[in-house]
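Comments concern the structure below.
In what follows, chains are A, B, ... by sequence order, proteins preceding strands, each numbered from 1.
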There are 2 protein chains.
Amino acid sequence: MSKTLEKGINILTLFTEEKPSWRLDELAIETDIPKPTLHRFLKTFTDLGVLKRPYVQSGGQLVLSDHYLLGHKLIELGAIAANSIEIRSLAIPYMKMLQQKFDLAVQLIVLDETDGLYIEKIESLKPVLLYTRVGRRAPLYAGACSRILLSFQSEEKISEVLQKPRKKYASGTADSDQEIHKLIEFGKKNGYAYSVSELEEGTVSIAVPIFNSDRRVEYSISIAGIESLLPQEKINTFLEGLWETAALISAELGYSMPYPYGV
Amino acid sequence: MSKTLEKGINILTLFTEEKPSWRLDELAIETDIPKPTLHRFLKTFTDLGVLKRPYVQSGGQLVLSDHYLLGHKLIELGAIAANSIEIRSLAIPYMKMLQQKFDLAVQLIVLDETDGLYIEKIESLKPVLLYTRVGRRAPLYAGACSRILLSFQSEEKISEVLQKPRKKYASGTADSDQEIHKLIEFGKKNGYAYSVSELEEGTVSIAVPIFNSDRRVEYSISIAGIESLLPQEKINTFLEGLWETAALISAELGYSMPYPYGV
DNA sequence: AATCGCGTTTCATATATTGGAACGGAGGGG
DNA sequence: CCCCTCCGTTCCAATATATGAAACGCGATT
């Protein structure tokens with residue numbers, strides 16, 4: 001492995017949704033890399049458009065800020081990366097149909113290490129802000145769409161996920177191992193996951209698995225909205241639409257068996 | 001500048017919408033970097049999730065493909081990068097309002113070197129496929145949203161753009177310097193750009209400039225759709241909505257003058 | 001069974017990275 | 001007004017790291 005590249009990428013990884021802006025000095029403290037070295041990295045990234053330093057007003061003058069942000073190049077690469085996921089283009093038409101059926105946000109999630117990664121989203125017309133956004137991560141133990149993925153992984157994967165430190169995102173986030181195991185079992189048995197206020201207060205979502213040609217579950221699809229839009233008693237209506245959609249997408253991926261769940 | 005980092009990022013830059021998949025060998029030919037060196041780079045990127053090697057079926061077995069694709073990490077970084085653009089969150093509510101007014105796709109573009117970069121898009125309900133997608137680029141001379149940016153740049157910038165090799169994307173792409181200059185002038189004088197089949201056959205779009213607090217034009221907003229949806233005779237209706245939206249977004253950015261165009 | 005094409009590993013060498021030291025400029029306090 | 005501090009930046013000798021020719025491994029092809 002190239003140490004230089006590794007350090008470089010690790011620096012980029014520090015730019016998160018929570019802290020998207022860093023000064024050289026802050027990075028020096030965080031990474032223990034000496035300032036001259038960091039400076040060289042940041043300059044290289046900035047010259048290549050991977051990082052950017054916005055202009056700011058300072059006494060009527062427009063000067064380069066000493067804050068670094070992720071740059072335009074990454075937006076471009078991110079779009080190409082998202083487009084390189086085979087399932088995405090296959091799934092989008094079905095996701096749109098599902099969106100129109102219920103007028104709820106529809107999400108497509110991929111398994112990535114111990115997280116679920118949102119790779120596509122069809123917005124609801126209702127101007128509701130949800131946690132979900134393309135490019136966001138959620139740990140596999142929290143939220144319906146993540147957890148339904150976990151339900152279909154090996155015991156080793158499940159242990160790996162549960163061994164990592166966990167976080168209580170909202171009032172509904174499961175926090176005991178026992179509770180999470182029970183929810184994982186529920187998913188495998190019933191073919192869906194249901195979550196209330198797990199990642200964001202007041203948000204409900206229902207998720208079902210998508211099967212690959214080799215019968216693994218690497219993707220899931222979910223609908224989500226505020227609590228009043230997805231009442232428990234209508235769950236069978238929603239599941240019918242979700243399973244139908246998941247069956248169609250699975251078939252497109254080359255899954256050759258009948259979809260194993262139905263209302 | 002760090003040569004190692006630079007080489008690494010340049011490798012990533014080879015993954016494009018047109019060629020999103022590369023084998024080690026192809027990269028060796030393209031970059032003139034010897035295979036062992038490339039191998040080390042690719043391994044580092046793959047281990048960090050910046051590149052990925054999908055699994056493929058081979059005689060019933062699931063094996064690592066020797067094709068590399070851009071990885072999940074870049075989707076994540078791309079989303080954070082897009083979110084780091086100040087205007088984006090300011091503009092989205094206004095873009096949604098505009099989308100609902102006309103039921104056309106609404107795009108937000110930022111100036112990036114000699115290109116326009118799509119940084120946000122509100123889809124129309126009509127299932128129409130357009131060239132535009134977040135993360136895509138278009139040269140500043142082609143398409144309404146790019147060209148309206150160019151209309152408000154310095155003469156130097158305009159020369160720089162025109163000196164680069166150009167491409168005819170579709171039947172409406174302007175190809176002579178003279179023609180492009182005329183269109184640029186039109187934009188500055190009238191405060192909008194109108195394009196028919198410039199980036200994609202059969203697609204029409206109308207774009208207007210957004211003004212920064214320092215009165216520069218770094219962003220533009222546009223509506224787009226297939227030809228029949230944006231007839232020439234309704235252009236004033238559309239412009240009214242576009243200018244109103246652009247004025248509101250400009251004001252949010254701190255532009256303190258009255259928006260200089262109106263119906 | 002021999003050959004080819006590519007990905008991968010090895011390792012002596014060359015070179016790019018490293019980071020302590022020192023510089024410079026903006027901002028703040030006395 | 002000058003001094004001091006805080007950071008970003010530049011310099012350059014020391015050295016860790018990248019480099020790539022050579023050789024290997026392995027599956028496919030003949």
Side-chain angles (χ1 to χ4, degrees), chain A residues 1-15 19-71 84 214, chain B residues 1-15 19-71 84 214:
Chain A
M1 289 243 294
S2 163
K3 295 211 174 168
T4 308
L5 256 195
E6 194 180 355
K7 274 184 220 163
I9 301 300
N10 284 336
I11 291 171
L12 295 184
T13 306
L14 293 173
F15 292 76
K19 177 143 186 53
S21 169
W22 289 83
R23 284 207 337 258
L24 186 138
D25 209 40
E26 300 174 316
L27 286 171
I29 295 165
E30 180 73 25
T31 60
D32 270 326
I33 298 174
K35 288 196 291 174
T37 304
L38 260 177
H39 183 257
R40 192 166 354 98
F41 278 113
L42 297 182
K43 172 143 181 43
T44 306
F45 278 139
T46 307
D47 287 354
L48 297 171
V50 171
L51 292 179
K52 68 174 175 184
R53 302 172 61 179
Y55 284 91
V56 289
Q57 296 279 11
S58 166
Q61 283 293 309
L62 211 57
V63 295
L64 263 187
S65 145
D66 51 2
H67 283 264
Y68 290 85
L69 296 172
L70 297 181
S84 299
D214 49 41
Chain B
M1 288 243 292
S2 164
K3 295 210 176 168
T4 309
L5 255 194
E6 194 180 357
K7 274 183 220 163
I9 300 300
N10 284 336
I11 291 171
L12 295 184
T13 306
L14 293 173
F15 292 76
K19 178 142 184 55
S21 168
W22 289 83
R23 285 208 334 260
L24 185 139
D25 208 41
E26 299 175 314
L27 287 170
I29 295 167
E30 181 72 27
T31 59
D32 271 325
I33 299 173
K35 288 198 290 175
T37 304
L38 260 177
H39 183 257
R40 193 167 348 98
F41 277 110
L42 297 182
K43 172 142 182 43
T44 307
F45 277 139
T46 306
D47 287 354
L48 297 171
V50 171
L51 292 179
K52 68 173 175 185
R53 302 171 62 180
Y55 284 92
V56 288
Q57 295 280 10
S58 167
Q61 283 293 309
L62 213 59
V63 296
L64 262 186
S65 144
D66 51 1
H67 283 264
Y68 290 86
L69 297 172
L70 297 181
S84 300
D214 49 41

Roughly how far, to the nearest 0.5 Å, is the OG1 atom of B:Thr31 from the CG atom of B:Asn10?
9.5 Å
I'd like to know whether A:Leu70 forms a side-chain contact (heavy atoms from CB on, under 4.5 Å) with A:Leu12, so could you lay out the CA-CA distance, the side-chain angles of the two residues, the decisive distance to 0.1 Å, and finally the verdict.
CA-CA 8 Å; A:Leu70 297 181; A:Leu12 295 184; 4.3 Å; yes
Roughly how far, to the nearest 0.5 Å, is the NZ atom of B:Lys43 from the CG atom of A:Leu5?
13.0 Å
Between D:dT5 atom C1' and A:Asp25 atom CG, what is the distance in whole Å?
13 Å
Output the rounded distance in Å from CD1 (A:Ile33) to P (C:dG20).
13 Å
D:dG8, OP1 or OP2 - any side-chain N/O from A:His39 closer than 4.0 Å?
no
Using a heavy-atom cut-off of under 4.0 Å over every strand shown, decide if A:Thr37 touches base, sugar-phosphate, or nothing.
base
Looking only at the side chain of A:Arg40 (C-beta and beyond, no hydrogens), which of the listed nucleotides C:dG7, D:dT10, C:dG19 gets closest?
C:dG19
So does B:Lys3 have more than 12 non-hydrogen atoms from other groups sitting under 6.0 Å from NZ?
no
Out of D:dG8, D:dA18, D:dG20, minimum distance to the side chain of B:Pro34 belongs to D:dG20
Which whole-number value in Å describes the distance from B:Lys35 NZ to D:dA23 C1'?
12 Å
Without decimals, in angstroms, what is the distance between B:Asp66 CG and D:dG27 P?
13 Å
At 4.0 Å (heavy atoms only), tell me whether B:Lys43 reaches a base, stays on the sugar-phosphate, or touches nothing.
nothing
Considering only D:dA21, C:dG7, D:dT9, which nucleotide approaches the side chain of B:Pro36 most closely?
D:dA21
Looking only at side-chain atoms of A:Thr4, point me to the closest of C:dT17, D:dT9, C:dG7.
C:dT17
How long is the straight-line distance from CE of B:Met1 back to CG of A:Leu48, given to the nearest 0.5 Å?
5.0 Å
With side-chain contact (heavy atoms from CB on, under 4.5 Å) as the criterion, how do B:Val63 and B:Tyr55 come out once you've worked through the C-alpha distance, each side chain's angles and the decisive distance to 0.1 Å?
CA-CA 5 Å; B:Val63 296; B:Tyr55 284 92; 5.9 Å; no
Given atom CD of A:Glu6 and atom P of D:dA16, what is their separation to the nearest angstrom?
18 Å
State, to the nearest 10°, the angle formed by the axis through the first five base pairs of the helix from C:dA1-D:dT30 to C:dG30-D:dC1 and the axis through its last five.
30°
Atom NZ of A:Lys3 and atom C1' of C:dA16: how far apart are they, to the nearest Å?
15 Å
Find which nucleotide of DNA chain D each of B:Phe41 and A:Leu24 is nearest to by heavy atoms, and output the residue with the more 5' nucleotide.
A:Leu24
Between CH2 of A:Trp22 and P of D:dG8 the distance, given in whole Å, is 13 Å
Short side-chain N/O contact from A:Lys7 to OP1 or OP2 of C:dT18, under 4.0 Å:
yes
Starting at CG of A:Leu38 and ending at P of D:dC7, how long is that distance when rounded to a whole Å?
15 Å
So A:Ile11 and A:Leu38, side-chain contact (heavy atoms from CB on, under 4.5 Å) or not? Walk me through it.
CA-CA 9 Å; A:Ile11 291 171; A:Leu38 260 177; 3.6 Å; yes
